[in-house]
Amino acid sequence: MVTYLDIQRLSTEDGPGLRSTVFFKGCPLRCGWCHNPESLRFQPEVLRLESRCIGCGLCGKACVNGAQGAEIDRTACIGCLCCVAACPGGAMETKGTQAAPEALCEELCLDRAYFGSDGGVTLSGGEALSQAEGAIELLRFLRERGIHTALDTCGEVPWDVLEASIPYTNLFLYDIKLMDSEAHRALTGVPNARILENAKKLAAHPEVTAIWVRTPVIPGATDSEENLRAIGRFLREHMPQTERWELCAFNPLGRDKYRRLGLSYAYQDTPLYTKQAMESLCRAAKEECEAAVWSGATQVENSL
């Protein structure tokens with residue numbers, strides 16, 4: 001079985017062509033800028049949608065552990081989802097659906113009419129390989145049905161797990177955020193040694209067909225020219241066959257999710273980059289690695 005959040009259909013940002021992206025639950029990193037904070041934990045969670053709440057109090061009466069009230073007590077919530085079943089207004093939204101890999105594959109195969117010649121399915125998260133057995137089985141089922149597969153990974157997984165996914169993955173979307181290991185630990189909760197070592201092994205593996213590297217450009221965290229140049233030098237030296245290096249401009253699209261989960265968001269009031277700032281960072285990256293491209297242009301503030 002696998003536990004996933006959502007399936008985003010007609011996606012154009014998670015690999016080539018039109019894709020269906022499956023967001024898995026569970027992640028070994030704790031990046032403060034994460035767009036999907038509901039993906040960090042493996043167990044199902046509840047998001048409260050205040051606009052749908054009719055104030056009936058049935059969620060509190062249904063809760064078996066006293067977690068429901070004016071706010072959800074996240075320390076008391078055990079994920080039983082009784083509140084979701086009891087809510088007549090749909091104000092309680094479950095994040096976390098379980099499915100057998102083959103059944104999930106069959107559902108995704110219903111989307112193949114719009115994949116065309118270059119689209120397909122992307123496994124994202126969270127970190128899909130945190131549920132290694134189910135994720136790899138899903139990739140295998142998809143490939144057996146002739147569907148192009150992409151795996152979006154942070155790389156913080158055992159090498160044998162990453163290697164086991166290679167025969168069933170057409171494209172790896174590999175995150176490299178920071179080259180300084182202590183800075184990486186401070187901002188994500190783990191050092192980057194395994195991530196970079198796995199990146200080298202992945203690039204050297206004879207069965208790997210395509211790699212796109214992704215770097216989230218986060219104000220005050222990953223956005224120094226020094227960091228981007230260091231990543232560019234790493235790619236040039238260790239991953240020269242990288243087809244694409246995406247600099248993904250910061251946006252606060254996940255801000256509302258933090259509030260609904262009762263979490264603080266470190267980037268609550270952080271402004272978007274100007275177009276000029278992103279172009280400058282992209283120029284610096286391209287001086288080190290020609291694979292660099294600036295993506296996420298619609299999320300950047302226009303500057304006249």
Side-chain angles (χ1 to χ4, degrees), residues 3-8 11 13-14 21-53 55 59-60 63 65-84 87 89-97 124-128 130-131 152-154 156 175 177-178 183-190 214-223 248-273 295-296 298-301:
T3 304
Y4 67 98
L5 291 171
D6 294 300
I7 300 174
Q8 180 181 329
S11 171
E13 299 176 355
D14 299 306
T21 302
V22 186
F23 293 91
F24 280 62
K25 277 185 71 68
C27 186
L29 305 187
R30 290 297 182 268
C31 307
W33 55 83
C34 181
H35 285 174
N36 300 314
E38 74 278 27
S39 73
L40 299 181
R41 301 168 66 195
F42 287 96
Q43 59 267 45
E45 296 178 89
V46 176
L47 268 68
R48 172 176 277 172
L49 309 176
E50 291 88 347
S51 61
R52 297 181 185 174
C53 180
C59 58
C63 183
N65 213 39
Q68 287 288 351
E71 301 286 341
I72 300 176
D73 181 354
R74 298 288 173 177
T75 62
C77 179
I78 60 173
C80 68
L81 308 181
C82 292
C83 59
V84 177
C87 179
M92 299 296 176
E93 182 179 3
T94 304
K95 287 299 181 181
T97 301
S124 187
E127 170 56 58
S130 288
Q131 300 182 54
D152 185 2
T153 179
C154 70
E156 182 55 30
D175 290 359
K177 302 172 177 67
L178 285 153
H184 197 282
R185 184 196 299 272
L187 290 164
T188 73
V190 300
R214 287 174 151 183
T215 299
V217 182
I218 309 299
T222 68
D223 66 340
C248 304
F250 164 78
N251 71 68
L253 291 179
R255 178 169 51 197
D256 196 49
K257 296 179 182 179
Y258 284 84
R259 179 180 58 79
R260 292 174 177 172
L261 286 168
L263 301 174
S264 60
Y265 181 44
Y267 297 88
Q268 179 72 28
D269 301 314
T270 302
L272 298 177
Y273 287 103
S295 66
T298 57
Q299 298 156 5
V300 178
E301 179 182 308

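Numbers here simply count residues along the sequence, with the first being 1.
- For the side chain to side chain contact (heavy atoms under 4.5 Å, CB included) criterion with K95, the lone passing option out of V46, L261, D6 is D6.
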Item to complete: Start with the C-alpha gap between T188 and R30, add the side-chain angles, then the distance that decides, and say whether side chain to side chain contact (heavy atoms under 4.5 Å, CB included) holds.
Response: CA-CA 5 Å; T188 73; R30 290 297 182 268; over 6 Å; no

Worksheet entry | Residue pair C248, V217: steps toward the side chain to side chain contact (heavy atoms under 4.5 Å, CB included) verdict | CA-CA 6 Å; C248 304; V217 182; 5.8 Å; no

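- A heavy-atom distance below 4.5 Å is not found between the side chains of L5 and F24.
- Judged by distance alone, with hydrogens and angles left aside, the side-chain atoms of Q131 form a donor-acceptor pair with the main-chain N or O of T3 at under 3.5 Å.
- Across every non-hydrogen atom of L178 and A221, the tightest pair is CD2-O, 3.3 Å.
- Here the straight-line distance linking atom CD of Q43 with atom CG of L81 works out to 10.5 Å at 0.5 Å rounding.
- At least one side-chain heavy atom of P252 sits under 4.5 Å from a side-chain heavy atom of Y265.
- Checked by atom type and distance alone, the side chain of T222 pairs as donor or acceptor with a backbone atom of P216 at under 3.5 Å.
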Worksheet item: Can E127 and E156 be said to form a side chain to side chain contact (heavy atoms under 4.5 Å, CB included), step by step?
Response: CA-CA 9 Å; E127 170 56 58; E156 182 55 30; over 6 Å; no

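- Inter-residue side-chain proximity for N251 and L272 is flagged as met; some heavy-atom pair is nearer than 4.5 Å.
- Closest of all the heavy-atom pairs between S124 and T21 is CB-CG2, 3.7 Å.
- Between the side chain of N36 and the main chain of G125, a donor-acceptor pair closer than 3.5 Å is present.
- At a threshold of 4.5 Å between non-hydrogen side-chain atoms, the residues I218 and F250 count as touching.
- Salt bridge annotation for R52-E50: absent, with no cationic side-chain nitrogen under 4.0 angstrom from a carboxylate oxygen.
- With a 4.5 Å cut-off on side-chain heavy atoms, F23 and I7 do not count as touching.
- Ring geometry for Y267 versus W33: interplanar angle over 60°, hence perpendicular rather than tilted (30 to 60°).
- The closest side-chain heavy-atom distance from C63 to C83 is not below 4.5 Å.
- Nearest heavy atoms, D152 versus R214: OD2-NH1, 3.1 Å.
- Taking all atoms of both residues into account, the shortest heavy-atom contact from S130 to C27 is OG-CA, 4.2 Å.
- Between L29 and V190, the shortest heavy-atom contact is CD2-CG2, 3.1 Å.
- The shortest distance between side-chain heavy atoms of C31 and L187 does not fall below 4.5 Å.
- The two residues C154 and K177 come nearest to each other via the heavy atoms CB-NZ, 4.2 Å.
- By the 4.0 Å N-to-carboxylate-O rule, E45 lies close enough to K25 to be salt-bridged with it.
- Between R48 and R260 there is no side-chain heavy-atom pair separated by less than 4.5 Å.
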